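The structure under discussion appears below in the form of structure tokens.
These numbers were taken from a predicted model, which means no experiment stands behind them. Just so you know, ligand 1 is whichever comes first in the structure, and atom 1 is the first atom listed for that ligand.
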Amino acid sequence: MFQILTILLLETQFSMVLVLFTVEVPQQLYIAEYGSNVTMECRFTVNGSVDLGLLTVFWEQKRQGSLKPKEVYAFRNGKALCPSQHPDYIGRASLLHSELMLGRAILQITDVKITDAGSYLCLIDYQGVDYKYIALKVRASYKTINTQVMRIPGEDKLVFMCQSEGFPLAEVFWQNENFNLSGSANTTYTLTADGLYNVTSILTFKPNTSENYTCVFWNKELNGETSAHFSTLALISTQYTGQKFLISLIIPTCVTVAVLLSALIIFQKRKSFKNEQHEKGDDFNSQTEALYLSTVTASRDSGSVDL
Ligand SMILES: *[C@@H]1O[C@H](CO)[C@@H](O)[C@H](O)[C@H]1NC(C)=O
Ligand SMILES: *[C@@H]1O[C@H](CO)[C@@H](O)[C@H](O)[C@H]1NC(C)=O
Ligand SMILES: *[C@@H]1O[C@H](CO)[C@@H](O)[C@H](O)[C@H]1NC(C)=O
Ligand SMILES: *[C@@H]1O[C@H](CO)[C@@H](O)[C@H](O)[C@H]1NC(C)=O
Ligand SMILES: *[C@@H]1O[C@H](CO)[C@@H](O)[C@H](O)[C@H]1NC(C)=O
Ligand SMILES: *[C@@H]1O[C@H](CO)[C@@H](O)[C@H](O)[C@H]1NC(C)=O
């Protein structure tokens with residue numbers, strides 16, 4: 001031990017570079033999209049080819065505000081050490097082994113979760129020990145906005161609803177061509193099991209001259225904003241086509257019913273007429289009976305023309 005130290009000290013005097021084992025990070029902060037894959041890199045000093053049997057790489061994560069770090073990945077003597085890995089990272093964390101030969105300890109995390117955000121320690125032991133920290137931020141953009149339109153029965157008010165999930169928490173703004181309507185909106189949120197914010201914003205208003213309404217999800221940390229548009233014009237035309245549809249259904253129905261009713265009335269009249277005739281038939285002579293029959297036939301013909 002003392003011998004090695006003496007040698008190292010002697011070597012130091014000749015060349016600092018040869019003896020100093022260091023770990024460096026080309027990038028200190030990574031920002032990953034929720035559900036994507038991220039790779040974070042630490043570089044360590046190598047002299048020629050790397051003997052993996054002598055190498056130890058250790059990655060550990062600590063969330064902001066939590067005391068206990070989680071083991072993300074451990075590599076010792078050429079092998080991954082699985083038993084001590086934190087359950088959160090099982091099957092999602094790996095070290096790109098081929099890169100180790102080049103002095104690069106690259107940690108890959110797949111299907112990034114909100115809880116993966118935090119501070120990562122990479123500690124490397126290769127004939128010397130050193131470590132560095134890397135920060136990981138996770139974002140989830142409010143990609144799809146679900147919309148819903150309701151009409152308050154009895155009042156001439158409309159209700160627009162926008163709902164989306166993301167991280168970090170977004171503000172929701174409402175506007176039409178002329179006004180910022182955010183003041184009259186009610187925005188609430190819940191947390192999903194995955195740690196995303198489930199944001200719902202409801203705007204209740206009396207439609208007036210404005211046609212176009214927009215809800216905007218905005219957060220300064222997220223790149224860009226997402227928005228959804230409503231048009232009251234479309235609503236009115238939807239209502240109109242709805243009425244047209246009703247009319248096209250009602251008119252033929254009324255006509256059919258009227259025709260059937262009149263046919264039924266005519267039929268009933270004739271039936272009672274026939275019965276009367278039959279009862280009184282004995283009293284009439286055959287000549288008058290023939291006359292009646294011809295009248296009935298004639299009116300029956302005209303009836304069929306009406307139909
Ligand atoms: C670096 O490698 C060369 C040859 O491979 C060797 O002579 C030298 O001692 C090595 N230096 C250190 C500090 O390991
Ligand atoms: C993430 O990595 C996994 C495994 O390497 C791969 O199957 C998947 O397609 C990758 N996902 C993305 C979004 O690149
Ligand atoms: C906003 O909505 C929530 C739930 O829908 C409700 O509890 C709350 O009273 C509403 N706030 C206002 C100011 O309307
Ligand atoms: C988000 O909240 C809405 C109601 O506000 C609910 O219908 C929806 O299922 C929630 N989504 C998730 C992923 O929790
Ligand atoms: C339309 O509505 C906005 C906000 O609700 C209101 O400030 C404005 O005066 C209204 N305009 C008309 C012409 O009614
Ligand atoms: C509403 O938006 C549509 C399409 O985006 C546009 O054609 C129309 O002129 C807008 N209406 C007003 C009043 O600005």
> If you count the atoms of ligand 4 from 1 in the order shown, which ones are under 4.0 Å from a heavy atom of Q163?
Replying inline: 1 (C)
>> Under the side chain to side chain donor-acceptor pair (under 3.5 Å) definition, can you give me all pairs with a residue in residues 21-30, not counting sequence neighbours?
In response: T22-T45
> Out of L52, V50, V46, I106, which residue meets the side-chain contact (heavy atoms from CB on, under 4.5 Å) rule with L100?
Replying inline: L52
> N186 heavy atoms, cut-off 4.0 Å: which ligand 3 atoms fall inside?
Replying inline: 1 (C), 2 (O), 3 (C), 8 (C), 10 (C), 11 (N), 12 (C), 14 (O)
>> Within a 6.0 Å radius of atom NZ on K132, are there more than 12 heavy atoms belonging to other residues, nucleotides or ligands?
In response: yes
> Relative to each other, are the rings of F230 and W174 parallel, tilted or perpendicular (30° and 60° limits)?
Replying inline: parallel
> Under 3.5 Å between some N or O of ligand 4 and some N or O of N198?
Replying inline: yes
> Parallel under 30°, tilted from 30 to 60°, perpendicular over 60°: which one fits the rings of F167 and Y197?
Replying inline: parallel
>> When you measure from the side chain of Y142 to the backbone of A170, do you find a donor-acceptor pair of N or O atoms at a distance under 3.5 Å?
In response: yes
> Which ligand 4 atoms are under 4.0 Å away from a heavy-atom of E165?
Replying inline: 11 (N), 12 (C), 13 (C)
>> Show every side chain to side chain donor-acceptor pair (under 3.5 Å) that has at least one partner inside residues 76-87, sequence neighbours left out.
In response: E71-S84
>> Need the ligand 4 atom indices (1-based, order shown) with element for anything under 4.0 Å from a heavy-atom of T200.
In response: 5 (O)
>> Which residues pass the side chain to side chain donor-acceptor pair (under 3.5 Å) test with T110, not counting sequence neighbours?
In response: none
Inventory of protein N or O atoms under 3.5 Å from ligand 2 N or O:
from	atom 1	to	atom 2	distance (Å)
ligand 2	2 (O)	N37	ND2	2.2
ligand 2	11 (N)	N37	ND2	3.0
ligand 2	14 (O)	N37	ND2	3.4

